[in-house]
Undergrad: 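One structure follows; several queries about it will come next.
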Amino acid sequence: MPASTVGFEAKMDHASLLKKVIEAIKDLLGDCTWDCTNTGMSLQSMDSSHVALVNVMMKSEGFARYKCERNLNMGISLASMAKVLKCAGQEDNVIIKTDGDSSTVTFVFGNDDGDRTAEFELKLMNIDVEHLGIPETDYDCIIKMPSGEFKRLCGDLSQFGDSVAISCTKGEVRFEAQGDIGTGHIRLSKKGSADKPDEEISIELEQPVSLTFALKYLNNFAKATPLSATVRLCMSNNHPLCVEYPMPEVGHIRYYLAPKIEEEAD
Amino acid sequence: MPASTVGFEAKMDHASLLKKVIEAIKDLLGDCTWDCTNTGMSLQSMDSSHVALVNVMMKSEGFARYKCERNLNMGISLASMAKVLKCAGQEDNVIIKTDGDSSTVTFVFGNDDGDRTAEFELKLMNIDVEHLGIPETDYDCIIKMPSGEFKRLCGDLSQFGDSVAISCTKGEVRFEAQGDIGTGHIRLSKKGSADKPDEEISIELEQPVSLTFALKYLNNFAKATPLSATVRLCMSNNHPLCVEYPMPEVGHIRYYLAPKIEEEAD
Amino acid sequence: MPASTVGFEAKMDHASLLKKVIEAIKDLLGDCTWDCTNTGMSLQSMDSSHVALVNVMMKSEGFARYKCERNLNMGISLASMAKVLKCAGQEDNVIIKTDGDSSTVTFVFGNDDGDRTAEFELKLMNIDVEHLGIPETDYDCIIKMPSGEFKRLCGDLSQFGDSVAISCTKGEVRFEAQGDIGTGHIRLSKKGSADKPDEEISIELEQPVSLTFALKYLNNFAKATPLSATVRLCMSNNHPLCVEYPMPEVGHIRYYLAPKIEEEAD
């Protein structure tokens with residue numbers, strides 16, 4: 001069976017990075033398919049309720065070693081992958097490998113000591129892949145802010161309502177939620193990056209936007225917070241929001257979510 | 001509507017203090033009424049089972065800014081107020097404001113940076129106020145001890161029984177609980193305040209007391225521990241216990257609880 | 001009643017040690033009997049499902065003070081004993097005492113300050129004692145490893161299956177589990193003790209062994225991890241495994257578990 005020589009093998013110096021990627025998407029997606037090509041490992045999938053879209057890109061340059069002899073799809077349970085990654089030590093590196101025809105993928109954790117290796121084989125699955133194109137859009141408004149701030153305000157406003165109205169003008173962005181007990185408003189002003197670049201709040205504005213989103217999804221997206229100090233919210237009126245967590249030198253996670261109609265901007 | 005100019009506005013430098021006050025009372029009280037006058041904000045209410053009485057006093061001098069143009073009652077859900085205060089940052093200050101005729105109260109959190117403001121409006125409620133006088137009493141015995149010690153011993157003894165018998169003589173105070181698995185006794189001796197005033201244990205005794213209380217309530221009172229390094233237990237035979245947590249320069253929280261009859265002191 | 005002068009009294013400088021002992025066994029055993037003699041306090045009991053055997057030895061030399069005037073059996077609920085030990089302060093010492101004819105045992109916690117003493121009396125129970133001899137065995141293989149590593153690998157492999165196959169050769173020991181989602185293998189190599197003796201992995205091998213055990217029990221044994229930096233696994237083909245946590249200068253906890261038949265080594 002000469003095909004079995006066709007293989008995929010990739011090594012990451014920090015298994016913890018892969019662990020954070022999986023933690024950021026496993027609650028939204030159930031089983032999913034990783035596309036492995038010689039440019040990298042990527043994933044694109046609707047969440048299980050078919051409302052949000054998740055896109056992960058880990059470029060081949062982001063790996064310590066990367067070999068992909070033939071394009072392949074790895075159908076995998078993210079819950080199982082999360083179990084495997086729980087077994088990685090804090091300092092461990094990870095090798096991911098599979099043959100083109102194999103029904104399993106292997107994760108090998110190790111570190112410089114070499115006294116301990118842990119190897120886990122997961123069964124691969126056949127998953128129907130619906131390939132979803134994401135049209136490139138010129139956004140009306142791009143907000144960059146600390147990812148921790150975004151996580152915090154989504155959590156805070158969730159106490160007041162199910163939806164958040166985001167409205168952005170040149171100098172500030174406002175988030176508002178309302179419900180039975182009252183209303184909450186959070187206002188962030190532009191803020192320079194002088195000494196603390198990770199605390200920068202920047203707003204690139206073509207035209208003012210005002211859109212409403214389900215907080216349940218935004219809270220889920222915020223699980224990517226440990227991956228990145230900053231987050232970018234890209235918005236256009238009547239278009240899906242894109243929430244991007246960049247992974248410097250590696251790639252990104254992007255989440256897409258359509259605005260709520262009843263609150264749609266004029 | 002000229003009445004709307006009548007207003008209440010108070011600023012506290014540390015929203016975290018107000019948060020601790022609410023955490024200390026919200027499980028005992030449900031909805032309650034804050035009395036705002038030009039001497040301060042206060043609250044007096046029976047717990048929802050009508051067994052314990054809670055009294056909170058925050059004096060106007062304890063605020064960074066305080067303006068109350070007309071006495072008013074703010075009926076509010078403490079659960080909702082706790083949700084709002086969860087949204088305060090560690091370093092945030094808080095402004096509480098309402099118009100005399102308004103149906104809402106507004107909490108504004110901010111800090112020196114000024115790049116972020118968060119504003120929350122809660123609906124006010126009409127609550128039947130039963131005004132309860134607390135007769136001033138000369139107590140037979142006043143014990144001052146570290147609040148953490150009181151919390152710990154109530155928690156420890158709760159493992160052995162539902163009630164604690166407190167008996168105090170000139171030199172020491174004893175706490176005893178008993179139940180199916182056995183008995184527990186904790187004895188604290190007087191202790192000077194020489195180098196560590198917060199660890200002082202002092203006993204002012206007019207006459208020995210011996211009283212029994214339900215631990216369930218004492219454990220609830222101990223939720224005020226983060227507010228104050230020390231607690232005062234004021235007791236007289238056949239009278240309610242007063243557990244006081246002083247908030248230096250601000251005011252106090254006092255809890256009152258009647259002793260259990262079957263174990264009443266002679 | 002002159003018999004009441006016959007007594008048992010033992011003082012330990014660190015109540016925290018006794019607490020860790022109880023935490024290590026209370027979930028496996030329910031009520032049990034401590035045997036007190038002039039050589040020490042010990043306990044031997046099957047777990048409540050009658051699968052594993054637990055043996056605890058605390059030698060009289062391990063106590064700060066130890067007096068046992070007559071052999072006695074203390075039947076006690078470990079759950080109650082754990083409740084008592086929760087009441088010990090971090091720095092407290094503990095005195096355990098009972099009369100030969102008493103129906104209670106008393107635990108007294110104190111510390112150098114002496115301002116606080118806490119005393120707890122537990123009711124003793126009559127428990128049918130089945131005395132189980134543990135035959136001395138010459139083991140084919142004794143593995144010494146960091147106790148934290150053993151705890152971690154049992155926990156990790158529990159995600160993959162209910163059983164772990166342990167196989168040991170001269171240079172390394174392998175742990176393997178498999179189940180529905182895939183398989184996990186962890187391999188540890190021998191490792192010197194040069195600078196970090198607690199990280200040593202040593203293997204004494206008379207002949208290779210390969211045995212399978214229920215992870216549920218091993219995870220329970222690993223609750224003794226806080227007691228000891230190292231653990232010893234003593235194995236012979238077709239014999240029960242002995243997992244020993246030494247308590248230096250005090251004694252040990254040993255757990256015994258029969259291998260699973262279906263996977264029995266040849």
Side-chain angles (χ1 to χ4, degrees), chain A residues 8-9 15-16 18-19 22-23 25-27 29-34 74-99 101-127, chain C residues 143-203 215 218-219 222 225 229-231 233:
Chain A
F8 171 83
E9 184 169 327
S16 56
L18 188 59
K19 189 175 177 177
I22 303 306
E23 292 301 320
I25 60 177
K26 80 173 165 59
D27 295 335
L29 312 177
D31 305 331
C32 69
T33 298
W34 290 91
M74 291 197 311
I76 210 164
S77 147
L78 288 175
S80 300
M81 203 168 156
K83 283 183 180 181
V84 164
L85 283 155
K86 261 198 206 164
C87 304
Q90 198 51 43
E91 302 301 320
D92 281 357
N93 55 49
V94 55
I95 296 165
I96 311 165
K97 60 187 180 186
T98 183
D99 288 331
D101 299 323
S102 172
S103 62
T104 62
V105 57
T106 301
F107 298 84
V108 185
F109 302 116
N111 58 38
D112 293 342
D113 281 1
D115 310 306
R116 180 193 212 268
T117 54
E119 206 173 308
F120 300 93
E121 276 172 50
L122 286 185
K123 290 177 188 155
L124 292 177
M125 317 162 83
N126 271 320
I127 297 172
Chain C
I143 301 159
K144 187 181 147 200
M145 67 167 79
S147 60
E149 171 65 71
F150 181 64
K151 179 184 166 77
R152 175 183 167 196
L153 71 84
C154 289
D156 284 355
L157 292 176
S158 298
Q159 308 202 73
F160 297 90
D162 296 333
S163 304
V164 59
I166 307 180
S167 55
C168 192
T169 57
K170 220 188 296 181
E172 67 175 37
V173 52
R174 297 171 62 90
F175 300 84
E176 182 175 336
Q178 57 186 54
D180 291 345
I181 69 166
T183 62
H185 315 251
I186 293 168
R187 182 184 53 72
L188 303 177
S189 306
K190 259 176 139 159
K191 188 172 170 178
S193 63
D195 40 349
K196 298 177 184 168
D198 287 349
E199 294 183 12
E200 183 185 2
I201 297 174
S202 74
I203 300 173
L215 277 163
L218 300 188
N219 282 320
T225 303
T230 60
V231 63
L233 310 183

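Labels below follow one simple rule: chain letters A, B, ... track the order of the sequence lines, proteins then strands, and each chain is numbered from 1. Source: prediction; values computed, not measured.
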Undergrad: Would you mind telling me which of C:K190, C:E149, C:R152, C:E172 has the largest number of heavy-atom pairs within less than 4.5 Å of chain A?
TA: C:R152
Undergrad: Indicate yes or no: at least one non-hydrogen side-chain atom of A:R116 is less than 4.5 angstrom from one of C:I201.
TA: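 They are not in contact (no side-chain heavy atoms under 4.5 Å apart), so the answer is no.
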Undergrad: Which answer fits A:V108, side chain, backbone, both or neither, if we ask what part of it has an atom under 4.5 Å from a heavy atom of chain C?
TA: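 Contact with chain C involves no heavy atom of A:V108 at all.
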Undergrad: Heavy-atom count check: over 12 atoms from other residues, nucleotides or ligands less than 6.0 Å from C:D198 CG?
TA: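 Yes.
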Undergrad: Checking salt bridge (Lys or Arg N to Asp or Glu O under 4.0 Å) between A:D115 and each of C:K196, C:K191, C:R187, which is the one that passes?
TA: C:K191
Undergrad: Between C:L157 and chain A, which part of the residue has a heavy atom less than 4.5 Å away: side chain, backbone, both or neither?
TA: side chain
Undergrad: With a 4.5 Å cut-off on side-chain heavy atoms, are A:E121 and C:Q178 touching?
TA: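 Sidechains of A:E121 and C:Q178: no contact.
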Undergrad: Roughly how far, to the nearest 0.5 Å, is the CD atom of C:Q159 from the CG atom of A:L85?
TA: 10.0 Å
Undergrad: Provide the closest heavy-atom pair for C:D180 versus A:K123 in the form atom of the first, atom of the second, distance.
TA: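 Closest heavy-atom pair between C:D180 and A:K123: O-NZ, 3.1 Å.
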Undergrad: Please classify the contact between A:T104 and chain C as side chain, backbone, both or neither, with a heavy-atom cut-off of under 4.5 Å.
TA: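 The answer is neither part of A:T104.
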Undergrad: Side chain, backbone, both or neither: which part of A:A82 has an atom under 4.5 Å from a heavy atom of chain C?
TA: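 Interface part for A:A82: neither.
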Undergrad: So, does A:K83 use its side chain to make a donor-acceptor pair with the main chain of C:F160 at under 3.5 Å?
TA: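 Judged by distance alone, no pair lies under 3.5 Å.
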